[in-house]
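Just below is one structure, and these are the notes that go with it.
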Amino acid sequence: MESGLKAEKMWRYDLHVHTSEVSPCGQMNVHEVVDAYLEKKYDGIWIANHFHKEFLERTLEMEWKEKIDFYLQPVREARKYAVNGFFTGLGMELRFLSDPNDYLIFGLTEELLYREAKEWLYMDLESFYKRYKDELIIIQAHPNREDSSYPADINYLHGMEAINTSPRHDSGNEKTQKILILNPWMIPTAGSDSHRPEDVGRSGILTLEEIKEETQLIQVFKKRAYRLIPN
């Protein structure tokens, strides 16, 4: 699943990272996460905390603005490290109430979350794709993870996570890669699905250009100007 890109300098990013402030399954807070990725010589991460039923339950007593403030807090904290040249992207691992699958969402803005995300858990993949296909990038996370995921309809996806290196799951990466090979228009991604210290920096992407703002990632995807990092 590599593009064969060659360059004197490439930048390293992990697209699938969780923090304990929002994702209860995470065992590292945002400061521990960023410090660990800096130590691993990464140039940035996308914090893709869970946005699902459990998030609603955890924030049950909050007004909507408070919920999003809570969701964004680790991203905002991580962005304080930007002075060191470290980039933090706003991602999301979205799970609709009617669907056991997880979807990585890229291209988000804080304004969009405050304005529209209140509806998202009550949508389904088809309606979400039709509404946001030209605005966001929708990637199915670990589509072939044993006992938890199954491949969604590719007509409502931009791509799939070709490499998920969580050491506690059989993510069926080879099965996902076969789907991507048969559908070369789809965007392949890679990420560590990082929750614990042993997960940090196991995968991600290498890019030909430094990413300094959210919209650049979408262009990198569309131009295929990146390489997947194998485990």
Side-chain angles (χ1 to χ4, degrees), residues 1-51 70-93 102 104-108 110 137 139 141-142 145 161-171 173 188-221 225-231:
M1 296 305 300
E2 295 188 8
S3 65
L5 298 176
K6 294 182 180 180
E8 289 187 7
K9 166 68 176 175
M10 298 189 81
W11 283 262
R12 185 184 301 263
Y13 300 96
D14 197 332
L15 302 178
H16 192 162
V17 176
H18 296 275
T19 71
S20 60
E21 292 89 349
V22 175
S23 294
C25 48
Q27 295 186 4
M28 302 172 71
N29 66 41
V30 64
H31 299 288
E32 293 168 330
V33 166
V34 175
D35 287 342
Y37 274 94
L38 284 168
E39 185 174 343
K40 291 274 189 175
K41 308 301 183 186
Y42 273 68
D43 298 289
I45 57 175
W46 263 257
I47 294 179
N49 278 322
H50 292 290
F51 196 78
F70 175 76
Y71 189 84
L72 292 172
Q73 184 267 333
V75 176
R76 290 169 171 169
E77 281 296 309
R79 284 178 172 167
K80 295 177 181 177
Y81 289 77
V83 292
N84 298 322
F86 189 83
F87 181 82
T88 300
L90 171 58
M92 173 182 285
E93 189 167 10
D102 294 301
L104 295 170
I105 311 299
F106 301 104
L108 294 166
E110 293 189 3
I137 294 291
I139 304 289
H142 45 73
R145 178 170 287 179
E161 192 175 41
I163 300 172
N164 179 296
T165 57
S166 172
R168 290 170 299 283
H169 298 281
D170 178 0
S171 292
N173 292 331
T189 71
S192 299
D193 202 353
S194 180
H195 291 76
R196 305 179 186 179
E198 62 267 29
D199 307 344
V200 168
R202 293 168 63 91
S203 189
I205 63 171
L206 296 171
T207 67
L208 289 171
E209 60 184 56
E210 183 180 7
I211 294 177
K212 297 181 178 180
E213 57 183 41
E214 296 282 354
T215 55
Q216 279 182 269
L217 180 64
I218 294 178
Q219 294 308 310
V220 164
F221 283 156
Y226 66 100
R227 177 188 297 171
L228 305 184
I229 301 174
N231 185 14

Would you say [X] and [Y] make side-chain contact, with heavy atoms under 4.5 Å?
X      : Y     : result
Tyr42  : Val17 : no
Asn49  : Thr19 : yes
Met92  : Trp46 : no
Ser194 : Val33 : no
Met28  : Ser20 : no
Leu206 : Tyr13 : no
Phe87  : Asp43 : no

Restricting to salt bridge (charged side-chain N to carboxylate O under 4.0 Å, His left out), what partner residues turn up for [X], sequence neighbours left out?
X      : value
Glu214 : Arg79
Lys40  : none
Glu32  : none
Glu21  : none

**Fill in**
Separation between CD (Glu209) and CD (Gln216), nearest 0.5 Å, reads 5.0 Å
**Asked** When rounded to the nearest 0.5 angstrom, what distance separates CD1 in Ile139 from CD1 in Ile105?
**Response** 8.5 Å
**Prompt:** Within the side chain of Ser203, is there an N or O that forms a donor-acceptor pair under 3.5 Å with the backbone of Pro230?
**Reply:** no
**Item:** Donor-acceptor contact present, side-chain Glu161 to main-chain His142, <3.5 Å
**Value:** yes
**Request:** Could you tell me whether Glu110 and Arg76 have a side-chain N and a carboxylate O separated by less than 4.0 Å?
**Result:** yes
**Complete:** The side chain to side chain contact (heavy atoms under 4.5 Å, CB included) partners of Ala78 (sequence neighbours excluded) come to Val30, Val34, Ile47, Thr88
**Asked** Which residues pass the side chain to side chain contact (heavy atoms under 4.5 Å, CB included) test with Glu39, sequence neighbours left out?
**Response** none
**Complete:** All heavy atoms of Ile163 vs all of Ile229, minimum pair found to be CD1-O, 3.9 Å
Mind checking what makes side chain to side chain donor-acceptor pair (under 3.5 Å) contact with [X], not counting sequence neighbours?
X      : value
Asp199 : Arg168
Ser192 : Asp14
Ser166 : none
Asp193 : His16, His18, Arg145, Asn164

**Prompt:** Taking only residues two or more places apart in sequence, or in another chain, which ones meet Phe221 in a ring-ring contact (aromatic ring centres under 6.0 Å, His included)?
**Reply:** Phe106, Tyr226
**Request:** State which residues pass ring-ring contact (aromatic ring centres under 6.0 Å, His included) with Phe51; sequence neighbours excluded, sorted by chain then number.
**Result:** Phe55, Tyr71
